[in-house]
Chemist: 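Right, I'll just put the structure down here and ask away after.
Protein chains get the first letters and strands the later ones, always in sequence-line order, with residue 1 at the start of each. These figures come from a predicted structure and were not determined experimentally.
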There are 2 protein chains.
Amino acid sequence: MDPHPSTKPPKIVDVAKRAGVSLSTVSRVMNQNPTVDPVLAARVRKAAKALNYHASPLARSLVLGRTQTVSVVVPDLGNPTFQAILRGLSRAAKRQGYHVLIADSAEAVAEEGVLAVESRRRSDGLVLCAPRMEQSELDALLPSLEPVVLVNRESSAGVPTVAADYRSALRELGEHLYGLGHRRFVFLSGVPGSASNRNRLVAVDEFRRAHEDVDVQALECGVGFEDGAVAVDAVLDSGATAALAYNDLVAMGLLSAVTERGLRVPDDLSIVGFDDIPFTKYTNPPLTTSSVPAEDIGEQAWVEMSSLLAGNSARHPVYFRPRLVVRASTAPVQGAEKAAAPMVEHPLG
Amino acid sequence: MDPHPSTKPPKIVDVAKRAGVSLSTVSRVMNQNPTVDPVLAARVRKAAKALNYHASPLARSLVLGRTQTVSVVVPDLGNPTFQAILRGLSRAAKRQGYHVLIADSAEAVAEEGVLAVESRRRSDGLVLCAPRMEQSELDALLPSLEPVVLVNRESSAGVPTVAADYRSALRELGEHLYGLGHRRFVFLSGVPGSASNRNRLVAVDEFRRAHEDVDVQALECGVGFEDGAVAVDAVLDSGATAALAYNDLVAMGLLSAVTERGLRVPDDLSIVGFDDIPFTKYTNPPLTTSSVPAEDIGEQAWVEMSSLLAGNSARHPVYFRPRLVVRASTAPVQGAEKAAAPMVEHPLG
DNA sequence: CTGAAAGCGCTAACAA
DNA sequence: TTGTTAGCGCTTTCAG
């Protein structure tokens, strides 16, 4: 009848009974409280072992007021960057005996808020990864979520931020291409209105302003392979010689689509990605990108959380500076070197 | 002073007081118990809203005996296949109001057991993904973990399994290459002694036995990029014309290393991977592999768990049959078509 | 239909 | 040093 015939796990009183002591003594022994007669302690431990007793984390949590768990909400568990962040965070947390509850909002902006609140209630703190919600909503939500740390997003003081410095990285990517002679660019933007996207757009603007002879056109795109692939026509029609993709996924999608059109990268079009996910060196050609230390970010997010949990107040935002990784998807602009006429349907000069 | 100045969350009695009812009435209202005077119910709901009251999941869990949480243990959160499984599982669980606790054993076999036990105690059930531990240990551990579902691993009846049929898939990969004229193979094996690895080795044996003229040499390798890259010399020295990699990561590493040696894939060596992670179509050349529906596996794992949670007993193991995906990393064996002498240092014929 | 009271399993004063 | 007892916040009999 019973689907789970295993006998109920022993409770603290079972151990107490078996060891012939009171349950508080057992509790003390289990919690390494030194004020216990070694003889008794040994007896208790033996009894516990015999019964295979482990304190119920639930009951402990209730009385202690802490769960030894932090929750992490990410916009998409399928995104390699969030995976890396999660991995870094989870391993760091584990080292300190903390567990990790994950929540995948599946890019559903509307759900993000409740998800955050719900997850937070089951844990001692919350790490919000690149929340997609509006700034005003975020700012309003955050106080009720404390302790909370933000990843790749900022809010008012009081909540720590760990992020990659996308702005300067994007600038660097632009300068790299500029140095190669490129003057006409497209930027494939991510989720419109998202904070990460706005950030990058700011960098794009800075880049524009820094060079009078530069033309960069922003194209609404997305954050995945398909988005990059779908954008191929717009990119080619734009007449740009170089494409700055929102991230590596978009870049890979674009790269693949461009190649399928019979054009060559970087000869006909230079492409740069963003993040340096572990696959960019295996694309054809290997992708020039900006390396974001996602796992370190996750680890640092835990450091901040840990500090908050210890009762400290938020520290200053931490920004990791991405590093330009030049591979083979970028090259000097054709016209600049060969002054040759475009050889393709979509003139790129 | 107080690092988290937000006032304590309201408790059920606060709501009761404000609504002028007993706390049991509040409880009833919060749990949709219909036996409550609509007028009172409304008053309670208003009070709850005003106070922004939400029942403590902890306290509920303690009394209800369930946490609405399942835990998932994976050997490596960095592995795209586990990520996909986790994603499928997490989304399916969320749909039914369940939360997901993750634990990354970081390929530390020794830790797997305790991790599983600990995670299990904080949740209502456990999903063990491709546990690396020995079969005897697994069999012994499982009963204390119920309800538990196994992914890519089997045990005695009573615990459901959801897995990919690696054996027949590997056979299919072999036959594909055989059909292209290949007769000398290397198989880059994964973690020695791991169950997944043994499974594949069995398939290799079957393949050997099926063809008298086939020579397949198993090389100890690993499960990541680097392992595949490091194996390049051994692979080339082996004289094989085709390599069966443990998974796509290994295949990509090998592919990259082979290319760096100045050899060409598939001309000088055919390579197949395993899993069809979302990056294989962007390698150079795109990788022939066997597509494993990892996200579906995760989803199905939840279905099994859900069934167990509902009190049903374990159903029969479910095996997903991978699908051969022929891309450009495999080609007819050179000698078979051109009868040409090998043109490289490491003769491949 | 509603309230009082007994736990869920554990920790932490407080006494002894 | 050890035991007794009062909660942690909630659900659920059991009376009313």
Side-chain angles (χ1 to χ4, degrees), chain A residues 4 6-45 47-48 51-69 97 117-118 120-124, chain B residues 4 6-45 47-48 51-69 97 117-118 120-124:
Chain A
H4 311 309
S6 57
T7 56
K8 295 260 157 194
K11 16 199 341 179
I12 198 169
V13 297
D14 299 325
V15 179
K17 219 163 285 173
R18 191 175 220 271
V21 298
S22 84
L23 86 182
S24 17
T25 298
V26 176
S27 175
R28 289 189 186 101
V29 173
M30 300 312 287
N31 293 301
Q32 328 271 16
N33 186 324
T35 75
V36 179
D37 184 319
V39 180
L40 276 197
R43 217 161 71 205
V44 168
R45 261 186 283 270
L51 263 34
N52 189 26
Y53 169 78
H54 294 275
S56 152
L58 229 53
R60 286 196 96 232
S61 295
L62 184 58
V63 55
L64 257 20
R66 57 188 161 74
T67 58
Q68 295 283 105
T69 300
V117 172
E118 264 197 22
R120 171 60 183 87
R121 292 188 60 78
R122 307 183 157 264
S123 58
D124 300 340
Chain B
H4 311 310
S6 56
T7 56
K8 296 259 156 194
K11 17 199 340 178
I12 197 168
V13 297
D14 299 325
V15 179
K17 220 163 287 173
R18 192 176 221 273
V21 298
S22 84
L23 86 184
S24 10
T25 299
V26 176
S27 174
R28 288 188 186 103
V29 173
M30 301 312 286
N31 292 301
Q32 328 271 15
N33 185 325
T35 77
V36 180
D37 185 321
V39 180
L40 276 197
R43 217 160 71 206
V44 167
R45 260 187 284 271
L51 264 33
N52 189 23
Y53 170 79
H54 294 274
S56 152
L58 228 54
R60 288 198 93 231
S61 295
L62 184 59
V63 54
L64 257 21
R66 59 189 157 73
T67 58
Q68 294 283 105
T69 300
V117 171
E118 264 197 22
R120 171 63 183 86
R121 293 189 59 78
R122 307 183 158 264
S123 59
D124 301 339

Chemist: Which residue, N33(B), I12(B), V36(B), forms the side-chain contact (heavy atoms from CB on, under 4.5 Å) with T25(B)?
Modeler: V36(B)

Chemist: In whole angstrom, what separates D14(A)'s CG from dG9(C)'s P?
Modeler: 9 Å

Chemist: Measure from CG on N33(A) to P on dT1(D) and round the result to the nearest Å.
Modeler: 10 Å

Chemist: Expressed in angstrom and rounded to an integer, what is the separation of L58(A) atom CG from dC10(D) atom P?
Modeler: 14 Å

Chemist: Give, for atom OG of S61(A) and atom CG of L62(B), the distance between the pair rounded to the nearest 0.5 Å.
Modeler: 9.5 Å

Chemist: Verify the contact: side-chain N or O of S22(A) to OP1 or OP2 of dT2(D), cut-off strictly under 4.0 Å; return yes or no.
Modeler: no

Chemist: What's the separation between atom CZ in R28(B) and atom CG in L23(B), rounded to the nearest 0.5 Å?
Modeler: 9.5 Å

Chemist: R60(B) versus N31(B): any side-chain heavy-atom pair under 4.5 Å?
Modeler: yes

Chemist: Anything under 3.5 Å between a donor and an acceptor, one on a side chain of residues 37-45 of chain A, the other on a protein residue two or more places apart or in another chain? List them.
Modeler:
{"unit_1": "D37(A)", "atom_1": "OD1", "unit_2": "V39(A)", "atom_2": "N", "d": "2.7"}
{"unit_1": "R43(A)", "atom_1": "NE", "unit_2": "A19(A)", "atom_2": "O", "d": "3.0"}
{"unit_1": "R43(A)", "atom_1": "NH2", "unit_2": "A19(A)", "atom_2": "O", "d": "3.1"}

Chemist: Rounded to whole angstroms, how far apart are NZ on K17(A) and P on dT2(D)?
Modeler: 20 Å

Chemist: Show me the protein contacts with nucleotides 10-14 of chain C, counting only N or O atoms at under 3.5 Å.
Modeler:
{"unit_1": "dC10(C)", "atom_1": "OP1", "unit_2": "Y53(A)", "atom_2": "OH", "d": "2.7"}
{"unit_1": "dC10(C)", "atom_1": "OP1", "unit_2": "S56(A)", "atom_2": "N", "d": "3.0"}
{"unit_1": "dC10(C)", "atom_1": "OP2", "unit_2": "I12(A)", "atom_2": "N", "d": "2.4"}
{"unit_1": "dT11(C)", "atom_1": "OP1", "unit_2": "N31(A)", "atom_2": "ND2", "d": "3.3"}
{"unit_1": "dT11(C)", "atom_1": "OP1", "unit_2": "R60(A)", "atom_2": "NE", "d": "2.5"}
{"unit_1": "dT11(C)", "atom_1": "OP1", "unit_2": "R60(A)", "atom_2": "NH2", "d": "3.4"}
{"unit_1": "dT11(C)", "atom_1": "OP2", "unit_2": "S27(A)", "atom_2": "OG", "d": "2.9"}
{"unit_1": "dA13(C)", "atom_1": "N6", "unit_2": "R28(A)", "atom_2": "NH2", "d": "3.4"}

Chemist: Given 3.5 Å as the limit, does a donor-acceptor pair link the side chain of R122(B) with the main chain of T67(A), or not?
Modeler: yes

Chemist: Counting only side-chain heavy atoms from C-beta out, which of dC8(D), dT2(D), dT2(C) sits nearest to V36(A)?
Modeler: dT2(D)

